[in-house]
K.L.:
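Supplied in structure tokens, the structure appears directly below.
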Amino acid sequence: MEQTFIMIKPDGVQRGLVGEIISRFEKKGFYLKGLKMVSVERSFAEKHYADLSAKPFFAGLVEYIISGPVVAMVWAGKNIVVTGRKIIGATNPADSAPGTIRGDLAIEIGRNVIHGSDSIESASKEIALWFPEGVAEWQSNLHPWIYE
Ligand code: RTP
């Protein structure tokens, strides 16, 4: 089953949106395989966003991610990488459709409450980075009611 890495950013945690965000993924039928709250070091945040290191917003992005605890998760389900990005909405909340997490819950690109892996390859890299200990092997017993 496909997996993705989802992170609730510090603004999402501080604003009390953890339950709301988890609920959206659960209600869709995806299942939670790993979950932890962590405060990351600067070097770790820089590693996670290494692909963006040349961008002008990189320093501000790193400050944002280390500004408070984040909730790191692994979610599983059919096409979860692409579908998860749809649930999350466009990077800039100003362009995110209503009904998406960012469309409903955020205003600015630099405070867009959530991260989701953008490909299967980055999902596996990010899961390995954030969950070096691995995640529990289990499958929801709702499986036959969600998948034919
Ligand atoms: P994410 O990685 O957080 O899921 O976001 P994304 O793929 O939708 O967007 P990406 O281009 O990878 O950017 C990562 C995060 O950097 C911040 N950002 N700020 N100020 C800016 O112009 C700007 N552009 C991007 C956002 O927090 C974005 O989610």
Side-chain angles (χ1 to χ4, degrees), residues 1-136 138-140 146:
M1 188 61 81
E2 190 172 304
Q3 295 187 353
T4 196
F5 173 69
I6 300 289
M7 168 180 52
I8 304 176
K9 295 176 176 176
D11 49 337
V13 173
Q14 297 294 332
R15 291 176 55 202
L17 299 175
V18 173
E20 164 82 31
I21 289 170
I22 288 177
S23 174
R24 291 183 180 217
F25 281 84
E26 281 185 332
K27 285 177 187 164
K28 176 72 176 171
F30 293 136
Y31 66 98
L32 186 56
K33 294 199 72 179
L35 171 83
K36 61 185 175 186
M37 180 181 257
V38 276
S39 295
V40 297
E41 304 274 345
R42 181 179 301 277
S43 58
F44 187 93
E46 287 171 350
K47 199 167 176 188
H48 172 77
Y49 280 121
D51 292 350
L52 301 176
S53 60
K55 300 281 185 189
F57 57 82
F58 181 71
L61 174 59
V62 169
E63 289 299 331
Y64 165 41
I65 296 304
I66 66 172
S67 64
V70 301
V71 171
M73 297 178 281
V74 176
W75 285 87
K78 188 176 182 183
N79 296 327
I80 190 159
V81 170
V82 166
T83 307
R85 297 271 295 183
K86 286 184 187 158
I87 290 171
I88 289 170
T91 305
N92 188 343
D95 302 325
S96 308
T100 65
I101 290 170
R102 288 169 175 160
D104 289 348
L105 306 174
I107 294 173
E108 290 208 324
I109 193 165
R111 296 289 183 272
N112 62 359
V113 305
I114 184 169
H115 161 81
S117 306
D118 62 7
S119 66
I120 292 177
E121 297 71 48
S122 41
S124 72
K125 263 169 54 184
E126 291 172 359
I127 291 168
L129 177 67
W130 287 82
F131 289 87
E133 69 277 23
V135 294
W138 76 284
Q139 188 166 288
S140 166
I146 293 167

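Every value quoted in this text rests on a predicted model; they were computed, and no experiment measured them. First listed ligand is number 1; within each ligand, the first listed atom is number 1. We use all heavy atoms of the structure for the numbers below, so side chains are in, but hydrogens, waters and symmetry mates are not.
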K.L.:
Between Glu2 and Lys78, is there a donor-acceptor pair closer than 3.5 Å when you use the side chain of the first and the backbone of the second?
P.N.:
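No: the side chain of Glu2 does not pair with the backbone of Lys78.
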K.L.:
Distance to 0.1 Å, residue and atom name: give those for the protein heavy atom nearest to atom 10 (P) of ligand 1.
P.N.:
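Answer, as residue, atom name and distance: Leu52 CD1, 4.1 Å.
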K.L.:
Assess the pair Phe30 and Trp75: is the distance between their ring centroids shorter than 6.0 Å?
P.N.:
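Phe30 vs Trp75: aromatic centres not under 6.0 Å.
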K.L.:
Show which atoms of ligand 1 fall inside a sub-4.0 Å distance from at least one heavy-atom site of Arg102.
P.N.:
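Answer, ordered by atom number: 1 (P), 3 (O), 4 (O), 5 (O), 8 (O), 29 (O).
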K.L.:
Could you tell me, atom by atom, which parts of ligand 1 come under 4.0 Å of a heavy atom of Gly116?
P.N.:
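Taking each heavy atom of Gly116 in turn, ligand 1 has 4 (O) under 4.0 Å.
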K.L.:
Mark up the atoms of ligand 1 that fall under 4.0 Å of a heavy atom belonging to His115, in ascending order.
P.N.:
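Ligand 1 atoms under the 4.0 Å threshold to His115: 1 (P), 2 (O), 3 (O), 4 (O).
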K.L.:
Got a salt bridge between Lys36 and Glu133, using NZ or NE/NH1/NH2 to carboxylate O under 4.0 Å?
P.N.:
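Salt bridge: yes.
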K.L.:
Among Asp104, Leu105, Ile101, which residue satisfies the side-chain contact (heavy atoms from CB on, under 4.5 Å) criterion with Glu20?
P.N.:
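Testing each of Asp104, Leu105, Ile101 against Glu20, the sole residue satisfying side-chain contact (heavy atoms from CB on, under 4.5 Å) is Leu105.
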K.L.:
What is the closest protein heavy atom to atom 17 (C) of ligand 1, and at what distance does it sit?
P.N.:
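Answer, as residue, atom name and distance: Leu61 CD1, 3.8 Å.
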K.L.:
Are Phe44 and Trp130 close enough that their ring centers fall under 6.0 Å?
P.N.:
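Aromatic pair counts; centres sit under 6.0 Å.
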K.L.:
Quick one: look at Thr91 and ligand 1, take heavy-atom pairs under 4.0 Å, and tell me if it's side chain, backbone, both or neither.
P.N.:
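Thr91 to ligand 1: contacts from backbone and side chain alike.
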K.L.:
Which of parallel (below 30°), tilted (30 to 60°) and perpendicular (above 60°) describes His115 and Phe5?
P.N.:
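Aromatic pair His115/Phe5 classed tilted.
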K.L.:
Which atoms of ligand 1 sit under 4.0 Å from any heavy atom of Lys9?
P.N.:
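Per the distance check, 3 (O), 27 (O), 28 (C), 29 (O).
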K.L.:
Between Arg111 (side chain only) and Asp11 (backbone N and O only), is there a donor and an acceptor less than 3.5 Å apart?
P.N.:
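Not at all, since once roles are kept as given, no pair shorter than 3.5 Å links the two residues.
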K.L.:
Where does Ile88 meet ligand 1, judged by heavy-atom distances below 4.0 Å: at the side chain, the backbone, both, or neither?
P.N.:
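It is neither part, as no heavy atom is under 4.0 Å.
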K.L.:
Indicate, as side chain, backbone, both or neither, the part of Lys55 found under 4.0 angstrom from ligand 1 when only non-hydrogen atoms are considered.
P.N.:
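It is neither part, as no heavy atom is under 4.0 Å.
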K.L.:
Under 4.0 Å from any heavy atom of Tyr49, which atoms of ligand 1 are there?
P.N.:
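Per the distance check, 2 (O), 3 (O), 14 (C).
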K.L.:
Starting from atom 26 (C) of ligand 1, find the nearest protein heavy-atom neighbour and note its residue, name and distance.
P.N.:
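Here the closest protein heavy atom is Ile109 O, 3.3 Å.
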K.L.:
At what distance is the nearest protein heavy atom to atom 19 (N) of ligand 1, and which residue and atom is it?
P.N.:
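Checking every protein heavy atom, the shortest distance to atom 19 (N) of ligand 1 gives Phe57 CD1, 3.5 Å.
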K.L.:
What atoms in ligand 1 come closer than 4.0 Å to a heavy atom of Arg85?
P.N.:
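Once the distances to Arg85 are compared, the set is 4 (O), 6 (P), 7 (O), 8 (O).
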K.L.:
Salt bridge check: are Glu121 and Lys125 linked by an N-O gap of less than 4.0 Å?
P.N.:
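Looking at Glu121 and Lys125, the cut-off is not met.
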K.L.:
List every atom of ligand 1 that sits less than 4.0 Å from any heavy atom of Asn112, numbering the atoms from 1 in the order shown and giving each element.
P.N.:
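Going through ligand 1 atom by atom, the ones under 4.0 Å from Asn112 are 26 (C), 27 (O), 28 (C), 29 (O).
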